[in-house]
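Side-chain atoms are counted along with the backbone in the values below, which use heavy atoms only and exclude waters and symmetry mates. Small disclaimer: the values here were computed from a predicted structure and weren't measured.
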Amino acid sequence: MNPIGLISMQYARPFTAEHFHLFRQMRELGYDFVELLVPEPGEIDLAAARRALEDAGLGVVLAARVNLQRNLASDDKDAHRAGIDYLRYTADCANALGATIVGGPLTGNPLVFAGRPPAPVSEDERLKRKERCVVGLKEAGDHAAKAGVVLAVEPLNRFESDVLCTTQQANELLDAVDHPAIKLMLDTFHMHMEEASIAEAIRLGGDRLVHFQANENHRGFPGTGSTDWVAVGRALHEIAYKGPVSLEPFRRNDDRFGVPFAQWRAPHEDESERLAASAAFIKSHLTLTEYRR
């Protein structure tokens with residue numbers, strides 16, 4: 001059975017020592033691990049966090065946070081170097097916390113979260129971006145491998161990345177990187193926007209897939225949107241995926257005009273039952289499809 005996890009942003013960002021008591025609550029709600037944002041230097045004591053995780057019986061996967069200043073795709077040498085160094089740092093954090101996977105938009109070049117609109121690029125620049133990503137991932141992969149960590153690149157939707165948006169593009173990048181410590185993660189929220197078929201994209205990822213985020217098309221609680229979870233579960237079963245599956249649901253229950261999307265994240269004080277139900281929902285679909293051929 002795949003371990004099921006919950007992202008730490010469900011409760012707080014940044015997630016600091018004052019929130020460590022929530023690890024036990026996550027475990028009691030039926031989650032096997034927490035997807036923790038890679039802490040910035042000094043944000044938490046890694047040894048203390050590891051002890052808190054172990055005391056709660058909770059595993060951990062890390063989610064990287066890139067920006068324009070640490071950006072593998074950048075033509076700015078300092079930003080490109082900082083992007084590599086950041087990925088090396090994430091692997092060190094993972095090792096200290098007892099995690100084996102760091103996932104996220106590791107290629108960099110964020111759009112909306114960097115306040116930038118999408119813009120066309122020349123073919124020459126596209127190829128240069130790809131080469132910069134390949135070079136950076138190879139070096140970071142060497143460091144991650146020594147730490148016993150896998151770095152998983154995540155395709156994002158067209159509003160959040162203009163470098164990597166689809167599983168096919170990820171496969172092209174991974175073919176070029178050709179490194180055992182560089183793998184793939186997928187998120188159904190982004191896949192709804194960019195893939196013709198989520199199930200076929202999962203199959204295309206195949207044995208490269210090491211981390212999976214199971215989210216609704218509208219970021220609501222699983223089962224409340226248009227995702228075909230039976231098809232998703234069947235595809236994961238067909239590729240023999242045994243890795244972690246994490247959730248990042250929003251409550252989606254405030255339809256007043258002008259309420260920012262950021263306010264829809266579920267507060268833990270009044271959504272524990274729905275978070276528990278979400279874990280059970282995903283587990284049931286992963287189990288159900290094991291018997292469907």
Side-chain angles (χ1 to χ4, degrees), residues 1-37 49-63 97-99 101 103 185-192 198 211-234 236-237 241-255 259 261-292:
M1 180 66 189
N2 302 83
I4 306 299
L6 185 66
I7 197 162
S8 62
M9 287 193 297
Q10 202 72 37
Y11 295 94
R13 182 175 183 179
F15 196 94
T16 61
E18 66 181 295
H19 305 112
F20 287 174
H21 70 280
L22 295 169
F23 291 150
R24 191 171 300 278
Q25 180 175 323
M26 294 179 203
R27 193 73 183 97
E28 291 170 350
L29 291 175
Y31 292 93
D32 305 301
F33 71 92
V34 59
E35 183 170 358
L36 190 68
L37 299 186
R50 182 167 184 165
R51 287 193 299 271
L53 288 162
E54 291 173 348
D55 289 346
L58 201 67
V60 60
V61 169
L62 294 190
L97 287 166
I101 297 171
M185 76 171 283
L186 294 174
D187 181 338
T188 50
F189 171 73
H190 299 290
M191 297 170 81
H192 269 287
I198 290 178
H211 184 36
F212 190 77
Q213 291 182 324
N215 294 306
E216 276 294 356
N217 61 298
H218 62 353
R219 279 290 193 206
F221 288 91
T224 65
S226 63
T227 305
D228 185 344
W229 291 110
V230 171
V232 168
R234 182 182 294 121
L236 290 172
H237 176 65
Y241 180 68
K242 301 299 182 184
V245 177
S246 65
L247 281 64
E248 186 184 352
F250 290 14
R251 51 189 169 86
R252 299 296 308 232
N253 64 352
D254 192 338
D255 290 327
V259 176
F261 182 73
Q263 290 177 219
W264 291 345
R265 189 175 297 282
H268 66 276
E269 290 87 354
D270 59 2
E271 293 291 354
S272 291
E273 289 186 7
R274 297 199 72 178
L275 289 173
S278 294
F281 178 90
I282 294 298
K283 286 181 179 180
S284 69
H285 278 74
L286 292 174
T287 303
L288 170 69
T289 52
E290 287 178 0
Y291 306 102
R292 298 195 174 199

Problem - His237 and Tyr241 aromatic centres sub-6.0 Å - result: no

Measure the spacing between [atom1] of [X] and [atom2] of [Y] and express it to the nearest 0.5 Å.
X      : Y      : atom1 : atom2 : value
Lys283 : Leu288 : NZ    : CG    : 16.0 Å
Arg13  : Leu37  : CZ    : CG    : 5.5 Å
Ser246 : Met185 : OG    : CE    : 6.0 Å
Ile282 : Asn215 : CD1   : CG    : 8.5 Å
Asn2   : Asp32  : CG    : CG    : 9.5 Å
His211 : Leu62  : NE2   : CG    : 9.5 Å

[Y] side chain reached by [X] side chain, heavy atoms, under 4.5 Å:
X      : Y      : result
Leu58  : Met26  : yes
Phe20  : Leu53  : no
Leu286 : Ile4   : yes
Leu275 : Tyr11  : yes
Tyr31  : Ser278 : yes
His218 : Ser226 : no
Leu29  : Ser272 : yes
Ile7   : Leu247 : no

Handout entry: Residues which pass ring-ring contact (aromatic ring centres under 6.0 Å, His included) with His19, listed by chain and number, not counting sequence neighbours
Key = Phe15

Practice task
Could you tell me whether the side chain of His190 and the main chain of Leu186 form a donor-acceptor pair under 3.5 Å?
Solution key: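 Flag not set: sc His190 to bb Leu186 has no pair under 3.5 Å.
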
Handout entry: Sidechain-backbone polar pair: Arg251 side chain, Arg274 backbone, donor-acceptor under 3.5 Å
Key = no

Practice task
Might you work through the side-chain contact (heavy atoms from CB on, under 4.5 Å) test for Leu6 and Phe33, ending with a clear yes or no?
Solution key: CA-CA 7 Å; Leu6 185 66; Phe33 71 92; over 6 Å; no

Which atom names give the shortest non-hydrogen contact between [X] and [Y], and what distance separates them?
X     : Y      : value
Ala63 : Glu35  : CB-OE2, 3.6 Å
Leu97 : Ala49  : CD2-CB, 3.6 Å
Gly30 : Ala279 : O-CB, 4.2 Å
Pro3  : Gly243 : CD-O, 3.7 Å

Handout entry: Side-chain donor-acceptor pair present, Glu271, Gln10, cut-off under 3.5 Å
Key =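 No.
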
Of all residues at least two apart in sequence or in a different chain, which pass the salt bridge (Lys or Arg N to Asp or Glu O under 4.0 Å) check with [X]?
X      : answer
Arg219 : Asp187, Glu248
Asp255 : none
Glu54  : Arg50

Handout entry: Listed partners of Thr188 passing side chain to side chain donor-acceptor pair (under 3.5 Å), at least two apart
Key =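 Residues passing side chain to side chain donor-acceptor pair (under 3.5 Å) with Thr188: none at all.
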
Handout entry: Residues that Glu216 engages under side chain to side chain donor-acceptor pair (under 3.5 Å), provided they are two or more places apart
Key =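 So Glu216 forms a side chain to side chain donor-acceptor pair (under 3.5 Å) with Thr227, Trp229.
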
Practice task
List the steps and the verdict of side-chain contact (heavy atoms from CB on, under 4.5 Å) for Phe189 and Asn217.
Solution key: CA-CA 5 Å; Phe189 171 73; Asn217 61 298; 5.9 Å; no

Fill in the blank from the handout: By side-chain contact (heavy atoms from CB on, under 4.5 Å), Asp55 pairs with (sequence neighbours left out) Arg24

